[in-house]
**Q** 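Sharing a structure with you now.
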Amino acid sequence: MPVIEGRNVRLRPPCEDDADVRFSLGTNAEIAEMYGLDKDDIKPMTREGAVRWVQWLAERPHAWVIEINGAFAGEIRLDNVNAQDRRATMAIGIGNPALLGKGFGTEAIDLLLRHAFEDIGLHRIGIRVLAYNRRAIRAYEKCGFVIEGRERETAYVNGSWHDDIMMGLLDREFLALQG
């Protein structure tokens, strides 16, 4: 799996040392809720959980650790890669709340999309996001994703139903944005 270098962000394969950093970041309630976890279901990160997370990530054929200025920051991956239809889904998570809202996620997404469309030859990338995760939706839109639909009341979080927003991006749309 290639290392993908950007201006501030580097995407690289996971390594054993990532478990220590993941453990030290702990579990941030605000970030966990953006993934659809109920406040009552959020558990503290354990060392064993961090090791399992790194192992799980390492088993994915299209998964990278996000490094920001040389420090572990999260993960990004392509899932459900379908070579026949040349499509996949994308997932991203920045685990350090101090790094949110600074454009690092957008840069990581852009790096992954460039690799997916130019190197892997994918035609389409899809993503699902909870409708209340406005920060993520803005980042996806900056990278060219468009809202394709809404699946109503898919997640029950903190005593309320929430919708999922389906977004997609085609290779020609991404390449047109790149100029």
**Q** Sequence neighbours left out, what passes side-chain contact (heavy atoms from CB on, under 4.5 Å) with Arg128? Give chain and number order.
**A**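 side-chain contact (heavy atoms from CB on, under 4.5 Å) check on Arg128 returns Glu151, Thr154, Asp164, Met166.
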
**Q** Of all residues at least two apart in sequence or in a different chain, which pass the salt bridge (Lys or Arg N to Asp or Glu O under 4.0 Å) check with Asp163?
**A** Arg150

**Q** Keeping to residues at least two apart or across chains, list the salt bridge (Lys or Arg N to Asp or Glu O under 4.0 Å) pairs with something in residues 170-179.
**A**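 Counting only pairs at least two positions apart or across chains, the salt bridge (Lys or Arg N to Asp or Glu O under 4.0 Å) contacts touching residues 170-179 are Arg86-Asp171.
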
**Q** Just wondering, more than 12 heavy atoms not from Arg87 lying within 6.0 Å of its CZ?
**A**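 No, because the 6.0 Å sphere around CZ of Arg87 holds 12 heavy atoms or fewer from other groups.
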
**Q** Roughly how far apart are Leu122 CG and His115 NE2, rounded to 0.5 Å?
**A** 8.5 Å

**Q** Would you mind listing every ring pair (Phe, Tyr, Trp, His ring centres under 6.0 Å) that reaches into residues 147-168, with sequence neighbours excluded?
**A** Tyr132-His162, Tyr156-Trp161

**Q** Heavy-atom distance under 4.5 Å between the side chains of Ile68 and Asn96, does that happen here?
**A**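 Side chain of Ile68 against side chain of Asn96, heavy atoms only: no contact under 4.5 Å found.
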
**Q** Grouping I, L, V, M, F, W and Y whenever their side-chain heavy atoms are under 4.5 Å apart, do Leu100 and Leu130 come out in a common cluster?
**A**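 Hydrophobic grouping puts Leu100 apart from Leu130.
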
**Q** So, for Leu177 and Cys143, which heavy atoms are closest and what is the spacing to 0.1 Å?
**A**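 So the two residues come closest at CD1-O, 3.7 Å.
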
**Q** Do you know the tightest heavy-atom contact between Leu99 and Ala73?
**A**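 Where Leu99 meets Ala73 most closely, the heavy atoms are CD1-CB, 3.6 Å.
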
**Q** Side chains of His62 and Trp64: closer than 4.5 Å at any heavy-atom pair?
**A** yes

**Q** Mind checking what makes side-chain contact (heavy atoms from CB on, under 4.5 Å) contact with Ala58, not counting sequence neighbours?
**A** Pro14

**Q** Are the side chain of Asp38 and the backbone of Val157 linked by a donor-acceptor contact shorter than 3.5 Å?
**A**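 No; judged by distance alone, with no hydrogens or angles, the pair does not exist.
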
**Q** Can you find a heavy atom in the side chain of Asp110 that is under 4.5 Å from one in the side chain of Phe174?
**A**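 The answer is yes; the side chains approach within 4.5 Å.
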
**Q** Can you confirm whether Ile66 sits close enough to Leu11 that some side-chain heavy atom of one is under 4.5 Å from a side-chain heavy atom of the other?
**A**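 With C-beta onward as the side chain, the pair touches.
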
**Q** Tell me the closest heavy-atom pair linking Leu169 and Gly144, and the distance in Å.
**A** CD1-O, 3.2 Å

**Q** How close do Ala50 and Ala19 get, counting heavy atoms only, and between which atoms?
**A**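 Looking at all heavy atoms of both residues, the closest pair is CB-O, 3.3 Å.
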
**Q** Can you give the donor-acceptor pairs under 3.5 Å from side chains of residues 88-95 to other protein atoms, not counting sequence neighbours?
**A**
residue: Thr89; atom: OG1; partner: Asp79; partner atom: O; Å: 3.2
residue: Thr89; atom: OG1; partner: Asn80; partner atom: ND2; Å: 3.0

**Q** Please identify each residue that fulfils side-chain contact (heavy atoms from CB on, under 4.5 Å) with Asn8, with sequence neighbours left out.
**A**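 Counting only residues at least two positions away or on another chain, Asn8 forms a side-chain contact (heavy atoms from CB on, under 4.5 Å) with Asn69, Phe104, Glu107.
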
**Q** Indicate the atoms forming the closest heavy-atom contact of Ala63 with Met1, along with that distance.
**A**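 Where Ala63 meets Met1 most closely, the heavy atoms are O-CE, 2.8 Å.
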
**Q** Give, for atom CD1 of Ile31 and atom CD of Glu33, the distance between the pair rounded to the nearest 0.5 Å.
**A** 11.0 Å

**Q** Tell me which pairs pass salt bridge (Lys or Arg N to Asp or Glu O under 4.0 Å) where either residue lies in residues 1-17, with sequence neighbours left out.
**A**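 Sorted result for residues 1-17: Glu5-Arg10, Arg10-Glu67, Arg12-Asp18, Arg12-Glu67.
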
**Q** Other hydrophobic cluster members with Met45, side-chain heavy atoms of Ile/Leu/Val/Met/Phe/Trp/Tyr under 4.5 Å, chained?
**A**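 Its cluster mates, by chain and number, are Phe23.
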
**Q** Going hydrophobic residue to hydrophobic residue with side-chain gaps under 4.5 angstrom, can you get from Ile120 over to Ile125?
**A** yes

**Q** Among all residues two or more places apart in sequence or in another chain, which pass the salt bridge (Lys or Arg N to Asp or Glu O under 4.0 Å) test with Asp40?
**A**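 Not a single residue meets the salt bridge (Lys or Arg N to Asp or Glu O under 4.0 Å) criterion with Asp40.
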
**Q** Where do Arg77 and Leu112 land on the side-chain contact (heavy atoms from CB on, under 4.5 Å) test, with the steps shown first?
**A** CA-CA 8 Å; Arg77 53 181 209 277; Leu112 178 69; over 6 Å; no

**Q** Quick one: which of Ile76, Asp119, Leu111, Val9 gives a side chain to side chain contact (heavy atoms under 4.5 Å, CB included) with Ile4?
**A**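 By the side chain to side chain contact (heavy atoms under 4.5 Å, CB included) criterion, Ile4 pairs with just one of Ile76, Asp119, Leu111, Val9: Leu111.
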
**Q** Taking ILVMFWY side chains as joined if any heavy atoms are under 4.5 angstrom apart, and letting links pass through other members, which residues group with Phe72?
**A** Val21, Leu25, Trp53, Val54, Trp56, Leu57, Val65

**Q** Identify the two heavy atoms, one from Asn133 and one from Val129, that lie closest to each other, and give their separation to 0.1 Å.
**A**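 Looks like CB-CG2, 3.8 Å.
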
**Q** Determine, using the 4.5 Å side-chain heavy-atom cutoff (strictly less than), whether Leu170 and Ile127 are members of one ILVMFWY cluster.
**A**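 Leu170 and Ile127: separate clusters.
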
**Q** Would you compute the distance between atom CD of Glu141 and atom CE of Met167 and round it to the nearest 0.5 angstrom?
**A** 4.5 Å

**Q** Mind checking side chain to side chain donor-acceptor pair (under 3.5 Å) for Glu148 and listing every partner two or more places apart, or none if nothing turns up?
**A** Arg124

**Q** Is any side-chain heavy atom of Leu113 closer than 4.5 Å to one of Phe145?
**A**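 Yes - at least one pair of side-chain heavy atoms lies under 4.5 Å apart.
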
